[in-house]
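Here the structure comes first, spelled out in structure tokens, and everything after it is commentary.
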2 protein chains.
Amino acid sequence: MSVTIRDVARHAGVSVATASRALTGSRNVRPELAARVADAARTLCYNHNAVARALRRGRTNTVGMVVPEIGNPFFPAIVEAVERRLEERGMDLILCDAQQDIAIERRRVLTLVGRQVDGLIIVPVSATDSRAALLEAQRSIPIVQVDRFADNLSADWVGVDDEVGIAQAVDHVASLGATRCVFVSAKPKTSSAQQRLTGFETAVHRAGLDSPAPLLDEFSVDWGRRAALELIARGERLPDAVICGNDVIAFGVLSEFRRHHVRVPEDVLVTGFDDIRFAELADPPLTTVRQPRDRMATECLRLLDIRIADPDAATQRIAISPTLVIRESTGGHS
Amino acid sequence: MSVTIRDVARHAGVSVATASRALTGSRNVRPELAARVADAARTLCYNHNAVARALRRGRTNTVGMVVPEIGNPFFPAIVEAVERRLEERGMDLILCDAQQDIAIERRRVLTLVGRQVDGLIIVPVSATDSRAALLEAQRSIPIVQVDRFADNLSADWVGVDDEVGIAQAVDHVASLGATRCVFVSAKPKTSSAQQRLTGFETAVHRAGLDSPAPLLDEFSVDWGRRAALELIARGERLPDAVICGNDVIAFGVLSEFRRHHVRVPEDVLVTGFDDIRFAELADPPLTTVRQPRDRMATECLRLLDIRIADPDAATQRIAISPTLVIRESTGGHS
DNA sequence: CAAGTCAGGGTAATCGATTACCCACAGGGA
DNA sequence: TCCCTGTGGGTAATCGATTACCCTGACTTG
């Protein structure tokens, strides 16, 4: 059914070795023969079998990527940046979704290893529970973590400095006169959630702000809504500012505040984290901490290159400083 | 470096055939030996080489998927639904982004073919220009198109009935008293854009509405903004309703209207298409046409199964009826 | 002119897993 | 007892491309 290099070789009247060499350019071939091979390949519509090539070469020219859940727009944004970089160098990306489930994540990772990808880029689902699978995979292929990292794992990482990012948000609302400031984020099951939480605590302490107990559950719109409802339902005075652990939470908060006629920024300041594409389209447009995705993607592939070249190179953790983007949810002007 | 089935066989003191049979269960093996093999595999941390298996079996247990641009949240939503279905049956997904570029799309498709995926699910970038690559790929593997389809291509398709969807939106605004109704969408380079356009024209005609020339460019937030600006800049009376070709355009329109103090729905009604996750979080929450993504994913895999089983089965086009979700952008209540 | 070098061709080993094919042996039936 | 069948084991072919290795002939060089 499928056209193989044998067919091409026969059609061109040369050996398979010559056909292969002509097609891949791995060695010189007399121009005349090369042309015959090229013709044969074209007329037969030859398309090389990447599986066979990968088996022989032991490399696939492909990197695998696993994200916790593709439904959170922050991840497609990273994926997009990585894809673009890979595209430039003619490599492919195999993308997998872990559906926020460490069992699925593990299966995906092992599948990618079995598929002989040249490297793995992963945003781990959990700080504690993703470790095992990564440790196992690491014995076979280079791994670079992005955005989040697993605890106690000696693997490269690139992300933003979450503590600095949250501190920027806190300092910003403090400078606007906020004195009571609540943090709505995810349970510290991921490194991001952990670091943003400690970042928040450090920052409010340093700024001398009053902060009720943080509301922690998960990075979702729905949780943002429930948290906002809870704040409203408490009946006490609303905080001056709600610092959200990421943008989707902030979306939920904004939406629920709007529904209950809590005005942002007049009554409460709200900030997010990530600067996903829709942040500037929220009502009001969301002040948030921007993660420099292109920069992250570039660094990420650089780390991967280094590790592919030398699996024993010292592991690096690169924390890029994020920037605060001020919009109307804290009174900025659009 | 890597543990192979040879190592497992040696360690268990059996032949590779037995090891393979024990591990895959492809034939009976004496329980005692099976246990030895299982032990060996466990202690050596054997992970089968999917590349070698694929080469031998000619199947990969994997489907490939190509989407026009993963940045548009509608596509990750479809991907998510497909992934979930595949996960249920223990298959993998290789996802690629075509970056809205038919050259890249072509490369991705051929890569997937070369990688021997068992089937290909694609949302074609262009109605006219995606055809060639798909035609070529079709000779090697089963293809199912989702959401959009390529012209003159005999391939399965599953999507929503765009004409019906747009008609629902038009009828809805007409029932609310709108008499002047403008369509903001993408140039008819994709089947969706084409069908939504003709759907719009048919519907306004049938409803006897007045409609200025449609504003057509691309499915992006930015175009939504520019289109809204243009409507405002014209200086004439704004239309009663703006029907958008998809949700991201509607987001742009809403955002620009808000910036210019055009009230929605009081001054203008606005509708979208797709019902992406953020549609209900827009300000005001967006009335839109919901695409039943799970249903589409299910149908899509069903079609793929049929085609894998019988490559010569008659091609099917399944148009699912979408439902209108009424929210505040047309005066509905949340 | 002999020896050495090099370019370019072919043959066959190789990557790792699966499986077609063959063989030995046990058990059953005539 | 002899033949037949079924079970479970091993050996080696196989998937398709790449490439190690070998060989031939042309060209250089002393």
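Since the structure is predicted, the reported quantities are computational estimates derived from the model, not experimental observations. In what follows, every chain begins at residue 1, and chains take the letters A, B, ... in the order their sequences are listed.
Taken from CE in M65(B) to CD1 in I78(B), the straight-line distance is 6.0 Å, to the nearest 0.5 Å. One finds the CD1 atom of I121(B) at 5.0 Å from the CG atom of L301(B) (value rounded to the nearest 0.5 Å). A distance of 12.5 Å separates OG1 of T315(B) from CD1 of I143(B), quoted to the nearest 0.5 Å. For the atom pair CG (D101(B)) and CD (E87(A)), the distance works out to 7.5 Å, reported to the nearest 0.5 Å. The CG atom of L110(A) lies 8.5 Å from the OG atom of S140(A); values are rounded to the nearest 0.5 Å.
Checking the phosphate oxygens (OP1, OP2) of dG9(D), no side-chain nitrogen or oxygen of T18(B) falls inside 4.0 Å. Contact check, T4(A) against dG16(D): no side-chain N or O comes under 4.0 Å of OP1 or OP2. For the OP1/OP2 pair of dA7(C) and a distance below 4.0 Å, the side-chain nitrogens and oxygens of N28(A) include no atom meeting the criterion. Close to dT18(C), at under 4.0 Å from its OP1 or OP2, lies a side-chain N or O of S20(B).
E299(B) has no carboxylate O lying under 4.0 Å from a charged side-chain N of R85(B), or vice versa, which leaves the two without a salt bridge. Remark: R106(B) engages E136(B) in a salt bridge, criterion side-chain N to carboxylate O under 4.0 Å. The pair R84(A)-E88(A) does not count as a salt bridge, with every side-chain nitrogen at least 4.0 angstrom from each carboxylate oxygen.
Atom-to-atom, CZ of R36(B) to P of dG8(D) comes out at 15 Å; the value is rounded to the nearest Å. The distance between atom CG of D7(B) and atom C1' of dC15(C), rounded to the nearest whole Å, is 14 Å. Whole-Å rounding puts the Q116(B) CD to dA17(C) C1' distance at 15 Å. Counting to the nearest Å, the C1' atom of dA13(C) and the CG atom of L55(A) are 13 Å from each other. Rounded to an integer number of Å, the gap from CG of L23(A) to P of dG16(D) is 16 Å.
Although no hydrogens or angles enter the test, the distance criterion places no donor-acceptor pair under 3.5 Å between the side chain of E105(A) and the main chain of S130(A). Using a distance-only test at 3.5 Å, with no hydrogens or angles considered, a donor-acceptor pair links the side chain of T62(B) to the main chain of T60(B). Remark: side-chain polar atoms of T43(B) are paired, donor with acceptor, to backbone N or O of A40(B) under 3.5 angstrom. Side-chain N or O atoms of D118(B) include one that pairs as donor or acceptor with a backbone N or O of N61(B) at under 3.5 Å.
Within the 4.0 angstrom heavy-atom criterion, only backbone atoms of the sugar-phosphate kind lie near L33(B); the bases stay farther away.
DNA chain D lies under 4.0 Å from at least one heavy atom of each of the following residues of residues 42-53 of chain A: Y46(A), H48(A), N49(A), A52(A), R53(A).
Positionally, the nearest nucleotide of DNA chain D for P31(B) lies more toward the 5' end than for the other of P31(B) and I5(A).
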- Message: Each nucleotide in nucleotides 20-27 of chain D should get exactly one letter: B, S or -. Can you fill that in based on protein heavy atoms under 4.0 Å?
- Response: BB------
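Ranking dG8(C), dT19(D), dA17(D) by closeness to the R57(A) side chain, first place goes to dT19(D).
Taking five base pairs at each end of the helix from dC1(C)-dG30(D) to dA30(C)-dT1(D), the local helix axes there meet at an angle of 50°, rounded to 10°.
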